[in-house]
*Asks:* 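Before we start, here is the structure in question, set down as structure tokens.
Positions are given from 1, in the same order as the sequence printed here.
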Amino acid sequence: MGAPRRAGILALALTAILTGAAPAATARPDGAHSDRVPHTTVLDGTRLERTRSRLQHGDPRLRQAVRALRARADKWLDQGPWTVVDKPRPAPGGDVHDYLSQAPYWWPTTTPTSDNPWGCPYVQRDGERNPEVDSGTDRQDLEKTFDSAYDLSLAWYYTGERRYARKAGQVLRTWFLDPSTRMNPNLDHAQFIPCKYDGRAIGIIDFSQSYTAVLDAIALLETGAPGWTRQDRSAMSRWNTDFLGWLKDSDFGRQEAAATNNHGTFYDLLLAGLAHATGDEALARRTVLDARDKRIAPQIAPDGGQPQELARTRSWHYSTFTLVAHTRLAAIGHRVGVDVWAYRGPDGQSLFKAVDYLLPAATGAAGWPHPELEFHRFAATDVVHAAADAGDPRARRAVPSLQEPPGGDLWALRPAAEQLDSIAG
């Protein structure tokens, strides 16, 4: 047996020892190999491949992160799959396949009666989440679908355990592909307000805040996951293409594109992500290029603060949340040859300054001097990691002082910012 062959067997054995499972299969029936670089959208596929190689060679620094990832993935194995057709009543248009969610910060003003079953009219209470939005709509099931697909796909990629891949495939097929349970590729009824609006453009954020993670999950499965077929891949590509068309051409899409706050930034993230995933590199690149002057310059002050977010009742949450969109969009920029981190606005605005503005509170060195109903220091952990990776020396020095998020710090395995605190918490 030659040395390369022996080395390959040793690497596979080390994976089995480290994860307690067999490594991913080296090939699948259609001839695609599992060791090729994933064509991810936000995550860096080459970096993921290098991390998996380090894991296979027994890098002890990755063991804790893998244990945390497996724990997250294991929790999904006996849950779901979820579907839009399970809600107790359809969206206002009457089609159970249409996604439905309710505006989270709108509350009834009267006690519901038989003549007024919703308690209308509704009024807005910023930052205070109405618990009724989590029952009777698709929002919670959507979040479970997105989170589980991501965790399970990552777990399969790093451990090779078939059960993770098969569960991820089941979750995605049920929500997006199965004719009896699939979601229509539109958000016409997202964040409706009872007795007021059947849907709103700002409801696009239900998808834009985390659907790019699903795009990466699909890319991971396409490196050879058992049970994820060529037909699944084609059908998912068609769904994404149709959804991209709705996002570009619908009235809601155009309204959200014109938003000047975090909604506009998240819209750009979703648009660029879908464009990249479906092969429209020109649209992805143009979206990222435009976002520099369109999003960074007007949203970030010269000192790094984000005035629109600092004025809110959840100013820490929204300051970190908006930077999730900015840093993920910057990661897509890296895929298409645009360096967003190097951008400086006319008054010196930059992503580095925005992250640095958070560092005293993120490291515990100082309190957060703005309104916040529920402060979670760990909410900034991922965006600080992102800035550190992009070359910010202050962020690099801050990393050892960051608070570990609940469930562990997974940056080493999925180096792209996530929203780490829940607004529903």
Side-chain angles (χ1 to χ4, degrees), residues 12 15 21-46 48-49 52-53 73 76-77 80-85 97 142 145-186 207 211-247 270 272-281 283-284 332 335-336 414:
L12 297 180
T15 297
T26 57
R28 62 187 203 184
D30 65 5
H33 293 278
S34 64
D35 59 354
R36 73 175 188 263
V37 176
H39 186 62
T40 40
T41 293
V42 176
L43 292 169
D44 184 334
T46 300
L48 297 183
E49 184 186 40
R52 186 170 68 169
S53 177
W76 295 119
L77 291 173
W82 303 270
T83 170
V84 293
V85 304
H97 293 274
L142 176 84
T145 295
F146 287 6
D147 291 347
S148 65
Y150 195 46
D151 291 344
L152 290 161
S153 298
L154 283 164
W156 168 76
Y157 183 77
Y158 284 116
T159 73
E161 289 198 33
R162 299 169 66 89
R163 59 182 182 150
Y164 294 138
R166 293 193 181 281
K167 184 67 177 185
Q170 180 195 38
V171 166
L172 292 170
R173 278 190 294 272
T174 302
W175 190 274
F176 294 104
L177 305 181
D178 188 324
S180 64
T181 59
R182 73 190 293 269
M183 173 187 161
N184 292 331
N186 70 70
F207 255 67
Y211 187 64
T212 48
V214 177
L215 298 178
D216 281 345
I218 295 166
L220 292 173
L221 295 179
E222 289 177 354
T223 63
W228 188 252
T229 68
R230 181 178 294 169
Q231 290 73 27
D232 293 331
R233 179 176 182 170
S234 297
M236 199 70 240
S237 179
R238 286 194 298 272
W239 196 95
N240 283 329
T241 299
D242 290 343
F243 184 49
L244 175 60
W246 179 89
L247 190 69
L270 181 58
L274 283 165
H276 178 269
T278 56
D280 192 343
E281 295 291 295
L283 176 58
I332 297 175
R335 307 281 86 73
V336 297
R414 54 110 189 99

*Asks:* Spell out, as yes or no, whether a donor-acceptor pair under 3.5 Å connects the side chain of S53 to the backbone of E49.
*Replies:* no
*Asks:* Using side-chain heavy atoms (C-beta onward) and a distance below 4.5 Å, is V214 in contact with L172?
*Replies:* yes
*Asks:* Evaluate the ring planes of Y211 and F207, with Trp represented by its six-membered ring, and classify them as parallel (under 30°), tilted (30 to 60°) or perpendicular (over 60°).
*Replies:* tilted
*Asks:* Please report the interatomic distance CG(L270) to CG(L215), rounded to the nearest 0.5 Å.
*Replies:* 7.5 Å
*Asks:* Would you check if L152 and W156 make a side-chain contact, meaning some heavy-atom pair closer than 4.5 Å?
*Replies:* no
*Asks:* Does W175 reach the main-chain N or O of F146 with its side chain, forming a donor-acceptor pair under 3.5 Å?
*Replies:* no
*Asks:* Drop me the distance from T174's OG1 to R182's CZ, to the nearest 0.5 angstrom.
*Replies:* 13.0 Å
*Asks:* Given side chains that start at C-beta, do those of T278 and F243 come closer than 4.5 Å, heavy atoms only?
*Replies:* no
*Asks:* Given S153, which of V171, T223, L221 fulfils the side chain to side chain contact (heavy atoms under 4.5 Å, CB included) condition?
*Replies:* L221
*Asks:* Strictly by salt bridge (Lys or Arg N to Asp or Glu O under 4.0 Å), give each pair with a member in residues 211-220 just once, sequence neighbours left out.
*Replies:* none
*Asks:* Got a sec, which residues hit salt bridge (charged side-chain N to carboxylate O under 4.0 Å, His left out) with D44, two or more places apart in sequence or on another chain?
*Replies:* R335
*Asks:* Using the rule side chain to side chain contact (heavy atoms under 4.5 Å, CB included), only one of L43, L274, V42 pairs with T212; which is it?
*Replies:* V42
*Asks:* Is the closest side-chain donor-acceptor distance between S180 and D178 under 3.5 Å?
*Replies:* yes
*Asks:* Going by the rule ring pair (Phe, Tyr, Trp, His ring centres under 6.0 Å), which residues pair with W76 if we only count those two or more places apart in sequence or in a different chain?
*Replies:* W82
*Asks:* Run the ring pair (Phe, Tyr, Trp, His ring centres under 6.0 Å) test against Y164 and tell me which residues pass, sequence neighbours left out.
*Replies:* none
*Asks:* Go through the structure and list residues passing ring pair (Phe, Tyr, Trp, His ring centres under 6.0 Å) with H39, not counting sequence neighbours.
*Replies:* H276
*Asks:* The criterion is side chain to side chain donor-acceptor pair (under 3.5 Å); which residues satisfy it with D232, sequence neighbours excluded?
*Replies:* R173, T229
